[in-house]
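A, B, ... follow the sequence lines: proteins, then strands. Residue 1 opens every chain.
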Amino acid sequence: MKRAKDKMNIFALFERRVADAIKALVAEGRLPAGLDTARVVVEPPRDASHGDLATNAAMVLAKDAKSNPRALAEMIVEKLKDDKDIVKLDIAGPGFINLTLAQDIFHNVLREALTLGRDFGSSNQGKGQKVNVEYVSANPTGPMHVGHGRGAVFGDALAGLLEFAGYDVTREYYINDAGAQVDVLARSAHLRYREALGETIEIPEGLYPGDYLVPVGEALAKQYGDKLKSQSEAEWLPVVRSFAIDAMMAMIREDLARLDIRHAVFFSERSLTKNGTDEIRKMIDDLRGRGLIYEGRLPPPKGQLPDDWEDREQTLFKSTDFGDDVDRAIMKSDGSYTYFAADIAYHHSKFQRGFASMIDIWGADHGGYVKRMQAAVKAITGGKGDLDIKLCQLVRLLRNGEPVKMSKRSGEFVTLREVVEEVGSDAVRFMMVFRKNDGTLDFDLAKVVEMAKENPVFYVQYAHARCASVLREAQRVFPKIDISAAGLAKSDLSAVNDSSELDLFRLVAQYPRQVEAAAANHEPHRIAFYLYELASSLNSLWNKGKDLPHLRFINQDDETITRARLGFVCVVRDVLASGLAVLGVSAPDEMR
RNA sequence: GGCCCCGUAGCUCAGUCGGAUAGAGCAACCGCCUUCUAAGCGGUAGGUCACUGGUUCGAAUCCAGUCGGGGUCGCCA
């Protein structure tokens, strides 16, 4: 299987052949040994008239080879020219080598794509390496808003992408159930509890006013009667807190499920210090033993000084040893741990669970926290762990270009659930990754449900439906044709050779490469843009059949050509379905 | 003030670990569109890739600085 997958990636395939040519030249003594070929790439040329593939090998190696790029290119071309899969080699510009491939290559790619089906594009890039993707991690104090939704969708799409690229992915959620905010939640819920018992209550400033706690209060009343009413806060708080956190997490999980997001691990911050074990203490002691924890004073922040600033000795982590700008506090003045301290222990737990590779998805407002967390991971893993942190910028919710604001239910914001209910999971999921994560995103509730090319969700799904429709129609016209992928893999594809068809093939052949690049850079948006491009290419070809009937996918008088064209229609359908599946978006067979 | 992110066509944005003549959608203009599933297809026009300098055979991409926008800034989470 591995070999089949690799063979599918023509860029990787010819990268090896170029490398082999260089090796041969070294063996013959015509090039010096020890050349670094890491920067050699084979990529699609910007301009299709330059051929199918281009390599920078000669330019990259010229200096070390003590040669000039064009002379070197000629040597490489000489080695490649006997390759039967290459029909044309040009040296162009500053020393590019342009390769034009035999059409067979594309036909073979198509045939193998048909054979692999949904596996086409997947790879062994990750080699089964364990990766932990932590995302959402919204505080369990209320419903999720649209910003959470972006992180949720981004994280889930990235997880799916990495799985497709051969990583062993664990989806994880960190429940911040230990800070002061969950005490506030408990007090807010307790008020709702008293309300459920018939009291008239008023929610003071600083507590959570949202309606969503009303049912929690009612549930508390049902379970505990008036028992909690006579207790002191010290008595009822842990009970109500735990109850309310569970209720909030149930709500959040329900919201996530509507987007088909399901984490494998829910890790509780509180569990780090439960039942007599204190993982945070252990971690601090360990770091202290290595001289990375000390009592000291931090310089005051520059610029506007906080009102309550006072110079004070603190317990600090020496994050500056690992690239941070200042050392960071790990104990509060009342002796409790900071959030950072718990987070260090949490990431230590990930590492101990076998994740040398960790990815965190955070909101952009946590940008100031990145360096210290990465410093901490370096410290606790001895440099063996890698933490990539992807920041998701704000989502601006619009309706026909006008900002959407406020929601009664949540108390302050439009909830994610409301948005998913209005426009559907597919629109939310696709649009949330139709932007780079580090740019702000406009999400227009009206536009994402339009049936038009400017709405990418629709456009891509429609292209998939069109392929499915063509196959259905073909089955009607030619009942004898086996329209399954396996059946179409037997088609004689050599008749498909119109230039616009070959353009589409080139795009299809890029899919494995796009997946690898997207996975390597942790950028799922590349898949979304690729799918849009593929949909556009298909529709363009479809439209050509209007003026040039001989290019139509179904030709009633020619079963051979029809079989061949159905082959690539099937491949395009499957690539669209595959990419959409990676992003967690459905691929409908018809648009209604 | 420190740190992080962003700055690409009128607007919204892509741009391959540095590669050839910088792309798409929308808007504008021109043409086509009663098709195998309609919601489109083709074309024209539109650019000092914020600015300056550096590295390089080669920079939208890397580095330094400047300007502009956003975020963040000792114990919140």
Side-chain angles (χ1 to χ4, degrees), chain A residues 11 38-39 41 43-47 50 54 56 59-60 62-63 68-69 92-96 98 137 139 141 176 178-182 269 297-304 306 309-312 314-316 324-334 336-340 342-343 363-371 391 393-394 434-436 438-440 442 450-456 458-459 462 465-466 468-474 476-477 510 513-514 517-518 520-521 525-526 529 532-533 536 539-540 542-547 549 552-556 562 565 569 590-591:
Chain A
F11 301 94
R39 290 170 61 214
V41 294
E43 55 190 357
R46 190 181 295 272
D47 189 332
H50 291 144
N56 61 355
M59 293 179 291
V60 169
K63 188 180 268 184
N68 75 67
F96 283 101
N98 291 326
S137 301
N139 285 340
T141 56
N176 301 144
Q181 83 282 0
V182 286
E269 179 183 355
R297 293 168 190 278
L298 287 177
K302 302 280 202 290
Q304 186 81 36
W309 167 266
E310 58 175 295
D311 194 22
R312 177 188 288 145
Q314 297 174 275
T315 304
L316 299 169
D324 200 0
D325 305 311
V326 289
D327 292 338
R328 305 292 179 174
I330 56 164
M331 302 281 277
K332 301 182 198 172
S333 52
D334 66 1
S336 61
Y337 302 121
T338 62
Y339 181 80
F340 181 47
D343 221 355
D365 55 342
H366 289 61
Y369 198 75
V370 169
K371 279 191 182 178
L391 298 178
Q393 285 286 349
L394 294 177
F434 201 63
R435 277 287 171 274
K436 282 181 297 199
D438 47 15
T440 58
D442 288 345
E450 274 177 16
M451 297 198 287
K453 181 166 185 176
E454 61 189 293
N455 174 15
F458 164 78
Y459 192 68
Y462 179 55
R466 172 165 275 170
S469 162
V470 167
L471 289 166
R472 279 195 303 270
E473 174 66 11
R476 197 185 61 74
V477 177
Q510 279 186 36
R513 175 187 159 82
Q514 293 283 353
N521 293 295
H525 77 273
R526 292 183 189 221
F529 280 95
Y532 187 72
E533 207 180 331
S536 183
N539 280 330
S540 171
W542 163 274
N543 220 258
K544 267 198 167 179
K546 180 183 57 188
D547 291 334
R552 290 186 188 178
F553 301 152
I554 298 172
N555 186 330
Q556 307 216 359
T562 299
R565 294 221 168 98
V569 169
E590 50 190 329
M591 306 300 281

If you compare every side-chain N and O of [X] against the phosphate oxygens of [N] (OP1, OP2), does one of them come in below 4.0 Å?
| X | N | value |
| --- | --- | --- |
| A:T338 | B:C76 | no |
| A:K371 | B:U72 | no |
| A:K436 | B:C13 | no |
| A:W542 | B:C33 | no |
| A:K453 | B:G25 | yes |
| A:K546 | B:C32 | no |

Could you tell me how far apart [X] ([atom1]) and [N] ([atom2]) are, to the nearest whole angstrom?
| X | N | atom1 | atom2 | result |
| --- | --- | --- | --- | --- |
| A:N455 | B:U12 | CG | C1' | 14 Å |
| A:Y459 | B:A24 | OH | P | 13 Å |
| A:N539 | B:G42 | CG | C1' | 14 Å |
| A:H366 | B:C5 | NE2 | P | 17 Å |
| A:D365 | B:G71 | CG | C1' | 8 Å |
| A:F529 | B:G23 | CZ | C1' | 12 Å |
| A:Y532 | B:A14 | OH | C1' | 11 Å |
| A:F434 | B:U12 | CZ | P | 16 Å |

Protein-nucleotides 44-46 of chain B N/O pairs under 3.5 Å:
none

Does any N or O in the side chain of [X] come within less than 3.5 Å of the main-chain N or O of [Y], such that one atom is a donor and the other an acceptor?
| X | Y | value |
| --- | --- | --- |
| A:N455 | A:E450 | yes |
| A:N521 | A:A517 | yes |
| A:T440 | A:Q393 | no |
| A:R565 | A:R552 | yes |
| A:D334 | A:S336 | yes |

Which one, [options], comes nearest to the side chain of [X]?
| X | options | value |
| --- | --- | --- |
| A:K332 | B:G74, B:C57, B:A77 | B:A77 |
| A:F553 | B:C57, B:C13, B:C36 | B:C36 |
| A:S540 | B:U37, B:C41, B:A77 | B:C41 |
| A:R526 | B:A20, B:G40, B:U16 | B:U16 |
| A:R435 | B:A20, B:C13, B:G74 | B:C13 |
| A:R466 | B:G19, B:U12, B:A39 | B:A39 |

- Message: Please give the stem ranges for RNA chain B, sorted by first residue number, where a stem is three or more consecutive Watson-Crick or G-U pairs and both donor-acceptor distances are under 3.5 Å.
- Response: B:1-7 with B:67-73, B:10-13 with B:23-26, B:28-32 with B:40-44, B:50-54 with B:62-66

Compare all side-chain heavy atoms of [X] with those of [Y] and state whether any distance is below 4.5 angstrom.
| X | Y | value |
| --- | --- | --- |
| A:F529 | A:E533 | no |
| A:M331 | A:Y337 | yes |
| A:M59 | A:F96 | yes |
| A:N56 | A:V41 | yes |

- Query: Mapping A:G93 and A:A180 onto RNA chain B by nearest heavy atom, which one lands closer to the 5' end?
  - Reply: A:G93

- Message: Here's a test of your reading of the structure: between A:A465 and A:V41, which maps to the more 5' nucleotide of RNA chain B?
- Response: A:V41

With a 3.5 Å cut-off and heavy atoms only, can you find an N or O donor on one side and an acceptor on the other between the side chain of [X] and the base of [N]?
| X | N | answer |
| --- | --- | --- |
| A:R552 | B:U35 | no |
| A:Y462 | B:A39 | yes |
| A:N98 | B:A20 | yes |

- Item | Minimum heavy-atom distance between A:G95 and A:P69, given as atom pair plus value | CA-CB, 4.4 Å

Separation of the [atom1] atoms in [N] and [M], to the nearest angstrom:
| N | M | atom1 | answer |
| --- | --- | --- | --- |
| B:A50 | B:G58 | C1' | 23 Å |
| B:G42 | B:C4 | P | 43 Å |
| B:U52 | B:U16 | C1' | 28 Å |
| B:C5 | B:G65 | P | 13 Å |
| B:A59 | B:G1 | C1' | 32 Å |

- Hey, is A:F96 stacking on B:G19? Ring centres under 5.5 Å, planes under 30°. no

- Can you say whether the rings of A:Y459 and A:Y532 are parallel (under 30°), tilted (30 to 60°) or perpendicular (over 60°)? tilted

